[in-house]
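This report refers to the structure that appears directly beneath it.
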Amino acid sequence: MHDFNYQKAGSVADAVSALNAADDGTVMAGGMTLLPTLKQRLAAPSDVIDLAGVSGLSGISVSGGVTIGAMTTHAAVSGSTDVKGTIPALADLAEGIGDPQVRNRGTIGGSVANNDPAADYPAACLALGATIKTDRREIAADDFFNGLFETALAEDEIITSVSFPSAEKAAYMKFPNPASRYALVGVFVAKTAAGVRVAVTGAGDSGVFRASSLEQALSSNFSASALDGITVSADDLMSDIHASAEYRAHLITTMAKRAVTAAG
Amino acid sequence: MPTVSMTVNGKPVSGEVEARTLLVQFLRDQLRLTGTHVGCDTSQCGACVVHVDGESAKSCTMLALQVDGAAITTIEGLANGETLHPMQEAFRNNHGLQCGFCTPGMVMSAIDLVKKNPKASETEIREWLEGNICRCTGYHNIVKSIQEAAGNMGG
Ligand SMILES: Cc1cc2nc3c(=O)[nH]c(=O)nc-3n(C[C@H](O)[C@H](O)[C@H](O)COP(=O)(O)OP(=O)(O)OC[C@H]3O[C@@H](n4cnc5c(N)ncnc54)[C@H](O)[C@@H]3O)c2cc1C
Ligand code: FES
Ligand code: FES
């Protein structure tokens with residue numbers, strides 16, 4: 001890891017000005033993605049600005065859905081009775097991220113900002129129609145995820161919270177990569193006021209996406225059998241040492257069926 | 001160089017570090033507490049697990065400066081003189097280790113589990129150990145050790 005200047009931000013405004021003052025600054029949440037990236041020298045920022053001391057960025061509140069502060073850890077989400085009572089699928093998803101030590105430090109803001117194509121939270125954001133709140137605006141999930149590790153965030157923009165509207169029914173099913181626990185394929189299905197939404201992570205060539213063929217089939221009949229014979233094209237899916245695009249395509253329908261069954 | 005201060009195994013310590021110094025490097029290289037191990041560079045193996053303010057964390061994936069002011073417990077801080085912590089004793093009784101490389105992280109992780117879920121089932125124990133990799137034991141005796149310790153720790 002190359003050396004850098006380390007600073008603790010006192011407030012979100014502080015962090016934004018530190019980012020602007022730095023040659024090549026980056027904010028840090030739990031460091032669960034950032035530090036492995038720095039260790040592998042895949043990035044070498046001049047300044048690392050720690051958000052851990054900023055008050056008001058973590059916590060969960062309920063009103064017509066749940067709002068989760070950017071610095072809230074995966075462990076806090078998975079253990080939250082508010083989340084379990086409002087959108088249990090979200091607590092299940094958080095419980096399935098990595099391992100207990102990753103969940104103790106990794107945050108929702110970091111996961112969403114990073115937009116790893118195999119991360120879990122982006123699927124929940126897209127399927128539930130979440131709103132990502134930043135220091136300057138609100139961004140709909142549909143407009144937020146822009147391909148591999150790319151988001152709508154400006155260089156100096158900081159996520160403050162993510163709001164998820166409640167769904168009539170929702171569930172997430174992941175086929176984890178046996179080594180990393182990231183999603184080889186993860187499917188989040190939600191029956192919402194805006195219709196049925198199905199988001200797929202782990203599989204897309206350009207990151208998380210909505211599976212329209214599955215959404216259409218489920219719109220008229222929200223049951224696993226409605227997906228019999230429905231296929232997803234392998235054309236824009238990833239192929240790597242872990243799985244071919246065709247295998248991922250097959251898993252998408254399988255995981256979607258399981259999710260619909262789990263959603264009840 | 002920046003200075004960092006924290007409490008390690010109940011004792012206040014401080015030292016000069018680079019911003020990039022990892023907590024595990026501070027513990028091993030500066031404090032010479034070499035019980036905490038490094039088994040990977042991908043944050044996956046759990047050999048480096050310590051407690052930060054009572055929560056298990058991977059000390060290879062934290063900067064020393066991030067835990068300025070925190071209370072850290074390492075494997076060296078568990079025993080009371082010659083008396084092993086119940087988790088250490090249970091690993092000894094149940095042959096819960098072979099080469100011992102993964103053991104400090106296993107023990108620290110397991111203590112956090114028993115604190116949060118004193119009556120953890122075998123499945124819950126196995127799931128909790130997701131982030132702790134052992135190349136020797138096949139996990140069976142590790143799980144047995146944790147079950148015994150949970151009983152002795154009042155679970
Ligand atoms: C062993 C291991 C297994 C894992 N398994 C999974 C898994 O199964 N599923 C999964 O989804 N993830 C997994 N992860 C990743 C984990 O979920 C991380 O918590 C997550 O990627 C983000 O980490 P973090 O919150 O610590 O953010 P950091 O690592 O601190 O930051 C990540 C990026 O986000 C930026 N950032 C952070 N917070 C903000 C903010 N508020 N506003 C703007 N930008 C911000 C940072 O600048 C950085 O670029 C795993 C990680 C590890 C190490
Ligand atoms: S050394 Fe492997 S997880 Fe820390
Ligand atoms: S005892 Fe050798 S790695 Fe676990």
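Basis for what follows: all heavy atoms, side chains included, without hydrogens, waters or symmetry-related copies. In what follows, chains are A, B, ... by sequence order, proteins preceding strands, each numbered from 1.
- Classification of the A:Y247-A:F175 ring pair by plane angle, with boundaries at 30° and 60°, yields perpendicular.
- Ranking A:V48, A:D50, A:N5, A:L38 against chain B, the residue ahead of the rest is A:D50, based on heavy-atom pairs under 4.5 Å.
- Looking at B:L63, both its backbone and its side chain come within 4.5 Å of chain A, counting heavy atoms on both sides.
- The pair B:K115-B:E55 does not count as a salt bridge, with every side-chain nitrogen at least 4.0 angstrom from each carboxylate oxygen.
- The residues A:R248 and A:D240 are annotated as salt-bridged, a charged nitrogen and a carboxylate oxygen being separated by less than 4.0 angstrom.
- Among B:A57, B:G131, B:S56, B:S109, the residue making the largest number of heavy-atom pairs under 4.5 Å with chain A is B:S56.
- Using a 4.5 Å cut-off between heavy atoms, A:D3 contacts chain B through both its backbone and its side chain.
- With a 4.5 angstrom heavy-atom cutoff, A:M28 touches chain B only via side-chain atoms.
- The pair A:D99-B:K58 counts as a salt bridge, with a side-chain nitrogen and a carboxylate oxygen less than 4.0 angstrom apart.
- Each of A:P36, A:P100, A:S180 has some count of heavy-atom pairs under 4.5 Å with chain B, and the biggest count is that of A:P100.
- Using a 4.0 Å cut-off between charged side-chain N and carboxylate O, B:E122 and B:R126 make a salt bridge.
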